Novice: 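Dropping the structure in here first, questions after.
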Protein chains: 2
Amino acid sequence: MTVSKTAEKSSEKPGDAAKGRKDAAEAHPEALQLGELSEQLGYVLKRAQLKVFENFLRCMASLQLTPAQFSVLLLVEKNPGRNQTEIASTLGILRPNFVAMLDNLESRDLCARIRSTNDRRSHILVLTDKGKAVLTRAKKLVATKHESRLNQLLGQANREALIGMLSKIANEF
Amino acid sequence: MTVSKTAEKSSEKPGDAAKGRKDAAEAHPEALQLGELSEQLGYVLKRAQLKVFENFLRCMASLQLTPAQFSVLLLVEKNPGRNQTEIASTLGILRPNFVAMLDNLESRDLCARIRSTNDRRSHILVLTDKGKAVLTRAKKLVATKHESRLNQLLGQANREALIGMLSKIANEF
DNA sequence: CGATAATTGATATGATCCATAACAATTATC
DNA sequence: GATAATTGTTATGGATCATATCAATTATCG
């Protein structure tokens with residue numbers, strides 16, 4: 001990027017011309033030193049998370065599912081008959097923000113809101129047949145194309161250790 | 001319609017028409033089952049990252065430094081004399097978004113933009129004296145109040161293993 | 001040399017999240 | 001039965017992220 005210039009600037013203080021200038025020889029090694037940054041938990045966590053989400057989106061391109069949408073489908077499948085507040089709160093999603101998300105999933109016929117009979121304020125959430133089918137395919141894609149990469153990269157034992165440590169951080173930090 | 005169920009109380013005991021108060025669904029243990037979610041890399045990564053950032057902000061409340069701002073100060077300290085494009089790109093920050101960030105740091109007299117003498121398009125970034133002092137205090141706070149929590153939670157060996165694995169993911173996933 | 005392309009910092013702008021307040025309908029509480 | 005609380009929803013603002021574009025400057029190349 002910064003190579004030695006051919007034509008130097010005209011106006012220069014005569015005294016420190018040699019040292020005030022660029023030590024163009026080895027001045028800028030093109031790659032910056034991360035230094036302590038590469039040991040900062042937050043920094044490396046964030047970078048890893050971005051990479052993982054990016055890979056997830058690529059793997060799920062055919063199904064058009066984001067990580068958040070996938071987590072909703074998983075949770076509704078595992079806990080059918082729960083209402084929006086319950087599903088949203090356990091995922092850390094605020095109720096107002098969950099509405100548009102459900103609108104999306106429902107418009108694609110992946111899940112459905114059903115009026116609860118014993119509390120007509122709340123909407124019960126269930127997966128549609130299509131939602132179940134899509135989720136099944138999504139799980140396969142995630143397992144074969146996404147999570148498998150972790151094993152390939154870290155090995156089975158390290159992968160489990162990593163998930164365990166991250167869970168511990170998520171729950172106890 | 002692909003929805004098979006019409007109400008959530010499909011499995012209810014006949015005689016139990018008890019107008020259950022809020023726990024009409026006593027079959028619902030109040031706490032949802034996370035299921036496969038707790039094994040999903042992306043899910044646990046994101047949750048851990050949010051917790052870590054949250055803790056970081058609390059630890060840095062006295063200095064009013066966000067994780068991103070801290071990373072900028074660290075990188076500028078380690079690589080003085082680089083321009084905005086270089087600093088921003090190695091942090092994964094887009095140049096347009098880096099402008100307001102620098103405006104903030106510069107308005108607080110933590111770092112300064114200096115017109116480069118050999119390329120008058122670019123701005124060289126350096127820490128001010130105050131910036132160096134604040135960064136020194138920030139490092140201490142991070143080490144004693146933030147990163148120390150990791151050792152306390154995982155132990156030194158596991159902490160290093162975790163950082164290593166996350167770095168590997170960030171770089172090779 | 002001089003015309004053209006490329007780079008740098010900056011602005012404007014839009015998309016996507018994330019968070020809070022408030023409201024109608026319904027239910028719980030006293 | 002009056003009042004408070006809850007549920008889903010809307011509106012709204014802030015923060016983050018991405019793209020297009022511009023003026024100034026520098027690089028490239030004919």
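No experiment lies behind these values; they were computed from the predicted model shown.
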Novice: Under 4.0 Å, heavy atom to any atom of DNA chain C: which of residues 96-105 of chain A qualify?
Specialist: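 Going residue by residue through residues 96-105 of chain A, the ones with a heavy atom under 4.0 Å of DNA chain C turn out to be A/Pro96, A/Asn97.
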Novice: With a 4.5 Å heavy-atom cut-off, do A/Arg149 and A/Arg159 have their side chains touching?
Specialist: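 SC-SC contact between A/Arg149 and A/Arg159 ruled out.
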Novice: Hey, what's the ring geometry for A/His146 with B/Phe173, parallel, tilted or perpendicular (30° and 60° as the breaks)?
Specialist: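 Perpendicular.
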Novice: Just checking, is any N or O donor in the side chain of A/Glu160 or A/Gln156 under 3.5 Å from an acceptor N or O on the other one?
Specialist: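 Their side chains do contain a donor-acceptor pair, which is all the 3.5 Å distance test asks for.
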Novice: Please map the stems of DNA chain C, keeping only stretches of three or more Watson-Crick or G-U wobble pairs with both distances under 3.5 angstrom.
Specialist: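 Stem list for DNA chain C: C:1-30 with D:1-30.
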Novice: So, do A/Phe70 and B/Tyr43 have ring centers that fall under 6.0 Å from each other?
Specialist: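 Aromatic pair excluded; centres sit 6.0 Å or further apart.
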Novice: Do A/Glu106 and A/His123 make a side-chain contact, defined as non-hydrogen atoms from C-beta onward lying under 4.5 Å apart?
Specialist: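 Side-chain contact under 4.5 Å: no.
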Novice: Heavy-atom distance under 4.5 Å between the side chains of A/Gln69 and A/Asn104, does that happen here?
Specialist: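 Touching, per the 4.5 Å side-chain cut-off.
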Novice: Counting only side-chain heavy atoms from C-beta out, which of D/dT7, D/dT9, C/dG9 sits nearest to A/Gln84?
Specialist: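 My answer, after comparing the listed nucleotides, is D/dT9.
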Novice: For A/Lys46 and A/His123, take the nucleotide of DNA chain D holding the closest heavy atom to each; which residue's nucleotide lies nearer the 5' end?
Specialist: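 Final value for this comparison: A/His123.
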Novice: Check every atom of D/dA5, C/dA6, C/dG9 against the side chain of B/Arg121 and return the nucleotide holding the closest atom.
Specialist: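 The closest nucleotide is C/dA6.
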Novice: In terms of side-chain heavy atoms of A/Arg113, which of D/dT9, D/dC17, D/dG8 is nearest?
Specialist: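 Among D/dT9, D/dC17, D/dG8, the one nearest the side chain of A/Arg113 is D/dT9.
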Novice: What parts of residues 48-67 of chain A reach DNA chain C, counting only heavy atoms under 4.0 Å away?
Specialist: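 Contacting residues: none.
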Novice: Output yes when a side-chain donor or acceptor of B/Asn97 lies under 3.5 Å from a complementary backbone atom of B/Ile93, and no otherwise.
Specialist: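 Checking the backbone N and O of B/Ile93 against the side chain of B/Asn97, no donor-acceptor pair under 3.5 Å is found.
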Novice: With no hydrogens and no angle check, is any side-chain donor or acceptor of B/Thr144 less than 3.5 Å from a backbone partner on B/Lys140?
Specialist: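 Yes, because the side chain of B/Thr144 sits within donor-acceptor range (under 3.5 Å) of the backbone of B/Lys140.
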Novice: Please state how far atom CD1 in A/Ile114 lies from atom P in D/dG8, giving the value in whole angstrom units.
Specialist: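 Nearest whole value for this atom pair: 13 Å.
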Novice: If only side-chain N and O atoms count, and only distance matters, is there a donor-acceptor pair under 3.5 Å linking A/Arg113 with A/Gln84?
Specialist: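 Note: A/Gln84 and A/Arg113 side chains meet the donor-acceptor criterion.
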Novice: Provide, to the nearest angstrom, the distance between the CG atom belonging to A/Asn83 and the P atom belonging to D/dT9.
Specialist: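 In whole Å, D/dT9 P lies 11 Å from A/Asn83 CG.
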Novice: Can you tell me if B/Asn83 uses its side chain to pair, donor with acceptor, with the backbone of B/Glu86 under 3.5 Å?
Specialist: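 Yes.
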Novice: Rounded off to whole Å, could you give me the CZ-to-P distance for the B/Arg95 and D/dA20 pair?
Specialist: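 To the nearest whole Å, that distance equals 13 Å.
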Novice: Below 4.0 angstrom from OP1 or OP2 of D/dG8, is there any side-chain N or O of A/Thr85?
Specialist: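 A/Thr85 to D/dG8 OP1/OP2: side-chain N or O found under 4.0 Å.
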Novice: What is the distance, rounded to the nearest whole Å, between atom CG of B/Leu94 and atom P of C/dT13?
Specialist: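 My rounded result for the distance is 19 Å.
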Novice: Between D/dT25, C/dA10, C/dT27, spot the one nearest the side chain of B/Arg120, thanks.
Specialist: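 The answer is D/dT25.
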Novice: In whole angstrom, what separates B/Gln69's CD from D/dA15's P?
Specialist: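 Between P of D/dA15 and CD of B/Gln69: 11 Å.
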Novice: Starting at atom CG of A/Asp119, determine the distance to atom P of D/dA5, rounded to an integer number of angstrom.
Specialist: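 In whole Å, D/dA5 P and A/Asp119 CG are 17 Å from each other.
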Novice: Treating B/Lys51 as the side-chain partner and A/Ile169 as the backbone partner, does any N or O pair qualify as donor plus acceptor under 3.5 Å?
Specialist: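 Not a single qualifying donor-acceptor pair exists.
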Novice: Roughly how many Å is it from CG in B/Leu91 to C1' in D/dA18, rounded to a whole number?
Specialist: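 Spelled out: CG on B/Leu91 to C1' on D/dA18 is 17 Å.
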Novice: What I'd like to find out is whether the side chain of A/Glu77 reaches to under 4.5 Å of the side chain of A/Leu74, using heavy atoms alone.
Specialist: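 Yes, close enough: below the 4.5 Å cut-off.
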